[in-house]
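Here the structure comes first, spelled out in structure tokens, and everything after it is commentary.
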Amino acid sequence: MVFIIIGAIIILMLIVNKRLDSKKFITETQPYFAFLKEEDYEFLLTVKYGKDLDTKKLFGDRVRNALIAFFAIFILLLSQMSFVYLLVCLIVAYFVFKMPYMQLKTYYKRNLYNIDLMLPYYLKSLEILIQHYTVPVALRRSVSTAPDIFKEGLIKLVDKIEAGDSSVDPYMEFAHRYPVRDSMRMMRLLYRLGLGSQEEKQEQLIMFSKTISSLQNKAREQKYKDRLETMEKKTMTMLMVTGGGIVVLLLVSMMSMLNI
């Protein structure tokens, strides 16, 4: 155990004195851990931090932290190492590796609520564009004014359509990317609107408009409901604090009277 501690100190000194490049080691070993990278990891990063982000570096940091955690626990348990303790080391390392991803996932789920409220208003602006352009052109023109959260998904959607994919798949991929209320149904309606002839377009556009209006009404109702719940919570908190204060004052008064 003493030799291991001495060895760890020597390695640390080499890293501090830049004789041993830990970053190079992580960079070289990172490809071996690439299979652990989640499919939606880069997307979740862009949702939280935006596009200008070094996703490879952040993934490398996850690998580095997991390796540090593994070797730290391994050294602590080395004197009584067994298969069970080795499994514990792996579990701890895996937890450290997965934790940043789970935090991003949690953030995204919370953010879905905001996406749910934004989608009807984006679709309303898209409806206005569709009145003057075809659906693919309207989608392309809507990218610049769309909420940032939708932009990457819209670009991929339009690129696939312009590449010749005339199926419903690009629209469904967008809906799966933003799995909020009625996103599937709205993207199917949008797909049918893109397929319809000029004669049918007006009727389909009216149906599309009515559905958007319904979604906007739901979004407004949700906002009012949330405000009401917030006010109720604040009122209940105020009543509880006031009631608790009164009870404390009564107890203090009773104790004072008893002492008298």
Side-chain angles (χ1 to χ4, degrees), residues 1-116 118 143 146-157 159-160 173-180:
M1 189 65 182
V2 174
F3 290 109
I4 292 169
I5 294 171
I6 294 170
I9 292 170
I10 292 170
I11 291 170
L12 184 62
M13 289 175 64
L14 288 171
I15 292 171
V16 171
N17 293 320
K18 296 183 179 180
R19 295 295 181 90
L20 186 64
D21 194 346
S22 60
K23 289 183 179 179
K24 185 179 178 182
F25 173 74
I26 295 296
T27 303
E28 289 176 351
T29 56
Q30 187 175 328
Y32 299 105
F33 297 94
F35 71 96
L36 292 171
K37 190 175 181 179
E38 301 82 1
E39 289 183 2
D40 57 347
Y41 177 62
E42 291 187 5
F43 165 68
L44 293 173
L45 283 173
T46 56
V47 168
K48 187 171 184 180
Y49 300 108
K51 288 185 179 180
D52 300 328
L53 199 68
D54 190 349
T55 56
K56 288 184 179 179
K57 181 182 180 301
L58 290 172
F59 183 73
D61 291 344
R62 288 176 63 191
V63 172
R64 178 201 62 200
N65 294 339
L67 289 173
I68 290 171
F70 175 82
F71 286 116
I73 302 298
F74 184 84
I75 290 169
L76 287 173
L77 300 175
L78 187 61
S79 60
Q80 46 188 345
M81 184 54 64
S82 65
F83 176 75
V84 174
Y85 286 132
L86 181 61
L87 194 61
V88 169
C89 294
L90 290 171
I91 290 170
V92 170
Y94 186 74
F95 175 77
V96 171
F97 176 78
K98 274 288 183 180
M99 189 166 60
Y101 172 74
M102 296 309 296
Q103 289 172 342
L104 288 171
K105 201 80 173 174
T106 302
Y107 173 84
Y108 178 62
K109 287 179 179 178
R110 286 201 306 265
N111 209 36
L112 277 178
Y113 171 77
N114 295 325
I115 295 171
D116 199 12
M118 286 189 288
V143 172
D148 291 338
I149 191 72
F150 294 134
K151 285 184 177 179
E152 188 175 349
L154 285 170
I155 290 169
K156 287 188 176 181
L157 168 62
D159 286 345
K160 288 188 177 182
E173 285 178 16
F174 182 89
H176 284 299
R177 190 173 187 135
Y178 308 100
V180 294

Closest contact, heavy atoms only, [X] versus [Y]:
X	Y	answer
P147	M118	CB-SD, 3.8 Å
A69	A93	CB-CA, 4.5 Å
V143	K151	O-CE, 3.2 Å

Working to the nearest 0.5 Å, report the span between [atom1] of [X] and [atom2] of [Y].
X	Y	atom1	atom2	answer
L44	K105	CG	NZ	5.5 Å
I73	I68	CD1	CD1	12.0 Å
R62	K37	CZ	NZ	9.5 Å
F174	K156	CZ	NZ	12.0 Å

(request) Could you please spell out the steps behind the side chain to side chain contact (heavy atoms under 4.5 Å, CB included) verdict for F70 and L90? (result) CA-CA 6 Å; F70 175 82; L90 290 171; 3.7 Å; yes
(request) Hey, could you give me each pair passing salt bridge (charged side-chain N to carboxylate O under 4.0 Å, His left out) that has a residue in residues 68-77? Not counting sequence neighbours. (result) none
(message) Enumerate the salt bridge (charged side-chain N to carboxylate O under 4.0 Å, His left out) contacts for residues 65-76, please, sequence neighbours excluded, ordered by first and then second residue.
(response) none
(message) Can you list everything that forms a side chain to side chain contact (heavy atoms under 4.5 Å, CB included) with L58? Sequence neighbours excluded, please.
(response) Y41, L45, L53, D61
Would you be so kind as to tabulate the donor-acceptor pairs closer than 3.5 Å made by side chains of residues 97-104, with sequence neighbours excluded?
residue	atom	partner	partner atom	Å
K98	NZ	E38	OE2	2.8
Y101	OH	D40	OD1	2.8
Y101	OH	D40	OD2	3.3

(request) Return the set of residues passing side chain to side chain donor-acceptor pair (under 3.5 Å) with D159 (not counting sequence neighbours), or none when no residue passes. (result) R140
(request) Quick one: sort the F150 and Y178 rings into parallel, tilted or perpendicular, breaks at 30° and 60°. (result) perpendicular
